[in-house]
Amino acid sequence: MGKYNHKEIEQKWQKIWEENKVVKIDKDDTKNKYYVLDMFPYPSGDGLHMGHTESYTASDVFYRFKKMQGFNVLHPQGFDAFGLPAENFAIKTKVHPAQTTEKNINNYIRQMKSLGLNYDFDEQAVTSDPKYYKWTQWIFEQFYKNGLVYKRTQKTNWCSSCQTVIANEQVVNGECERCGTKIEQKEIPGWFFKITDFADDLIDGLDKVDWPEHTKKNQINWIGKSEGAKITFKLTSNSQQLTENIEVFTTRPDTLFGATYMVLAPEHSLVTELKDQIANWGEVEKYIEETKNKTELDRLEAKEKTGVKLEGIFAINPANKEEIPIFIADYVLGGYGTGAIMAVPAHDERDFEFAKKYNLPVVQVVSIKDSFYRSVVWGWGENETVKDLIELGINILEKVETNTGAGEIIFKIEIPKDKIESFVELIEKKLKPLYWNEFIGESGITFIFKHKDNKVEKINLSKETEDKIDRLTYEFFNEHPVPKDYKRKESVWKHYSEVENGFYKDLIIHSEKGMLINSEQFTGINSEEAKQKITEFVGGEMTSNYRLRDWSISRQRYWGCPIPIVYSPEGEAQLIPEEYLPWTLPTDVDFKPTGVSPLGDSKEFKERTEKIFGKGWTPEYDTMDTFVDSAWYFLRYPDIHNEKEFCSETRKKWLPVDLYIGGAEHTYMHLLFARFFTKAMHKIGLISFDEPFLKLRHQGMVLDAQGKKMSKSKGNVVNPDEMIKRFGADSVRTYMLFAAPLEDEVIWNENNIVGIYRFLEKVWKIKSVVFASSGATAEERGNPASSLEKQNKVKNLLHKTIKKVSGDIENLKYNTAVSSMMILINEMEKVEEINKEDYESFLKLLSPFAPHITQELWEQLGNESLIQNESWTEYNKDLAKDDTYKIAVQVNGKVRDEIEIEEGTDEEDVKKKAFESKIIQKWLEGKEPKKVIYVKNRILNVVVDNSNK
RNA sequence: GCCGGAGUGGCGGAAUUGGUAUACGCGCACGACUCAAAAUCGUGUCUCGCAAGGGAUGUGGGUUCAAGUCCCACCUCCGGCACCA
């Protein structure tokens, strides 16, 4: 047997796999199905990057594992082939995007094969293939027929560089996600998907999928649901009611009586509509212009709030009928809610800031005081006090350092009504011992009072509690125990009033819920109740508001899926009948962007339309956002060649996807869109499930040796081809998964991959000590008798490793799976001979990670089958069991000795054995153990009392 | 500012989910083989200490027989969001 030659082996087996069509599965057999899916790549000219190799290897390992476990595994791959880079390339070089794309796809396929990834490329989904996008168009039409698609003109994000509209979700910090150009606002007609119809479903559905928690949270935040009310404010000018109204969305209708002014976003349409009534129009117009020039970033970075009052018009607060001023200010955004707010400065920090600056009235309408008692407490040690108070459910409002004594700390606190008794108990408990230990200077006492009608009142406590407080107070300030004839003294209450003054001056701006005050007939009820009642009272409507907006899918680009719509000579939109699908992309176009869709150039496209629909009919020139293509591709794989349906009923049994692996960068858009498609198609009745991906895992980024992101501009991009050439696919695969947990970042350090290479070389070499099982004894084979014992040890470790690796793969903890196989190999290395079956079992374990070398060795052992078609070795429970355990013996929690016990030794015997240890006896110093804790096969902890000497 | 994640040797990381911290790999040091080097193999490698023993999982406190793991406060780094009414 020669040296391990990765190149030769990998080429040999990749060819054999191809010839034997190992990737073929029977797609009609869904009885024992498992669907593992990768996020398909965009076929860029740069080829695969290292991030792909990690994620695709991760799924390939899982696929091979599940396959060996007897599942029929669908593990497809495809290409998200529409998109801007190919089009931009075409603009530059005149090479048609279809050509570029095909070339790139072939390169990707070559690279994937060279990594040993088993995909069936006869079954690939390519989104730019008419056979694929026929169904993208078909689904569009189903959505259209079911009212999920609409057209409207809208202020949209316009990228002047890409000459196209950018979805809200694709704008990053006011800049185009792809090219970084500043986004302008432009009015453009376009088609929208009603994703907001599914906002609640998109939130609720997350409950039933196995996804990373942070991904779920991010999706929920992205959807951004808030519950509140829509309330209408009437307007007046010169005491005359105007026809226009201002509608606001508020999450706090309970604070309506505190709304002392209103703010419109400068871009709010009402502002210009009211031009004639606005006395200071010049000033207002100037502010609007200024705002237009500000990017969103400018607006949010502004340290100080700015705005302009609309002179001459007022709004009527529908709750108390008071006239309140109206401002425009850029801290209110046009794009969220209704673009207008009612400002309640007492209960919103931003409104308060603005009110302070423009000297607007602040009316408190929610009191948190009446449901709490406010108090001051001297702490008994900072951390401890904080902890105790929080545990009791007491809010700490503020920490006040004072100079009343060395190291004193005073906290202002709020005590919920129902906690008062336990609070008194706490201070009594904490102060008494401190007092007796003469730490009185650091201890504290409390005063309890509450605010009511602008007055401070001592609260009504039971006589008993009141006495307790008084006594403690007295003790503290007089520094001696309560005399028998104790009576409340003046000095105590003097302190009280000082505190009262310092405290009472504070105006507390809070956004808590509480008890309503200054709210006429609603005074005295709580916020939650008031929300409903006040909304009802002013004729408003309880509703939800979402951050999520409908999905704008129209793009003025060439290289995308044509929207299957034509317009009548009167301009009416009509779906293209199904029989004409796929509605193909014309080829006679110029790619140069002109701000209008390049499809408008095509003579053929126009002629085709007129030929089918009649003279004067025109096609829709826009193409679809490429996120549409990728929003449903996973539904196509099971039945990719079906020309009659996007997927037949029998093949739908493959769905949904069992495991989906891909980058965390798709947390928002792609995953949200795919979920929307699934839910929409479910609602229409096209599929029977409403969540596309049951289990989702992300792979981390691959960074360079310095831990930096790889990028072309930095010139630190590692080329997978080169790595495969140098180290072999098996090493690259295994290293990627060994270097870090799947979801963590992987540092690509060439110096470290040699560890994996050495490991594979060891695996290779160990074959030479494998013997075929026969009747001969070890001695007869020329090996020492001790060999058998060692072999049994290896067998035991082997079965433990099988157990470990199986569990780790199942949980995608590949890094520890690899390390445990290394441990096994290190042990195998030490024995003179290895049983063939044991070695074969090991090869099977390693085969998902390093499929080539294991296959080669498998063959060299005389097997004619393919190792990937073998069944996964189950571990033998008895063989994986340990006969003896080393357990740690602790005295007072510190490890002092180690004893060896046999499996099944009962607790008493373990104790007996432990106490026999001289070391333990030494540490026990002849004392009786207070307590002995035994954790089976792990640890024995002996607790002795050594406080007294 | 808010949300999320993380902090363990020189480095990547492990720790049976509260039970012997530092597995595995890299690197480094020494040794063997060699004329020599590479490769390979062996030994060692958290820290203080001759040892007995002590100290270490960002910092401080707490719960527990027992804490990297749980609780509280703080610090640092990474990612995401951005005045959401």
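In the text below, chain A, chain B and the rest are named by the order of the sequence lines, each starting its count at 1. Basis for what follows: all heavy atoms, side chains included, without hydrogens, waters or symmetry-related copies.
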Using the 3.5 Å cut-off, write out each protein N or O paired with an N or O of nucleotides 39-43 of chain B and the distance between them.
residue	atom	partner	partner atom	Å
rU40(B)	OP1	R758(A)	NE	3.4

I'd like to check the salt bridge (charged side-chain N to carboxylate O under 4.0 Å, His left out) partners of R758(A); sequence neighbours left out, ordered by chain and number.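 By the salt bridge (charged side-chain N to carboxylate O under 4.0 Å, His left out) rule, R758(A) matches no residue at all.
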Using salt bridge (charged side-chain N to carboxylate O under 4.0 Å, His left out) as the criterion, list what pairs up with K800(A), not counting sequence neighbours.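 Partners of K800(A) under the salt bridge (charged side-chain N to carboxylate O under 4.0 Å, His left out) test: D882(A).
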Pairwise [atom1] distance for [N] and [M], with rounding to whole Å:
| N | M | atom1 | value |
| --- | --- | --- | --- |
| rC75(B) | rG10(B) | C1' | 24 Å |
| rU63(B) | rC72(B) | C1' | 11 Å |
| rA29(B) | rU34(B) | P | 22 Å |
| rA36(B) | rU43(B) | C1' | 23 Å |

Could you tell me whether the side chain of K357(A) and the main chain of K305(A) form a donor-acceptor pair under 3.5 Å?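 Yes; judged by distance alone, with no hydrogens or angles, the pair exists.
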For R896(A), which residues count as a side-chain hydrogen bond (donor to acceptor under 3.5 Å, both in side chains) partner, sequence neighbours excluded?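 So R896(A) forms no side-chain hydrogen bond (donor to acceptor under 3.5 Å, both in side chains) with any residue.
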Charged N-O contact under 4.0 Å between [X] and [Y]:
| X | Y | answer |
| --- | --- | --- |
| E907(A) | K911(A) | yes |
| D210(A) | R697(A) | yes |
| E829(A) | K765(A) | no |

Protein and nucleotides 66-70 of chain B: nitrogen or oxygen contacts under 3.5 angstrom:
none

Mark yes or no for a side-chain to base donor-acceptor pair under 3.5 Å between K930(A) and rC65(B), with no hydrogen or angle criteria applied.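 Answer no: no donor N or O sits under 3.5 Å from an acceptor.
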Establish, from distance only, whether the side-chain atoms of S226(A) and N545(A) form a donor-acceptor pair under 3.5 Å.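 Note: S226(A) and N545(A) side chains miss the donor-acceptor criterion.
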How does protein contact run along nucleotides 8-15 of chain B, one letter per nucleotide 5' to 3', with B for base contact, S for sugar-phosphate only, - for none, heavy atoms under 4.0 Å? ----BSSS
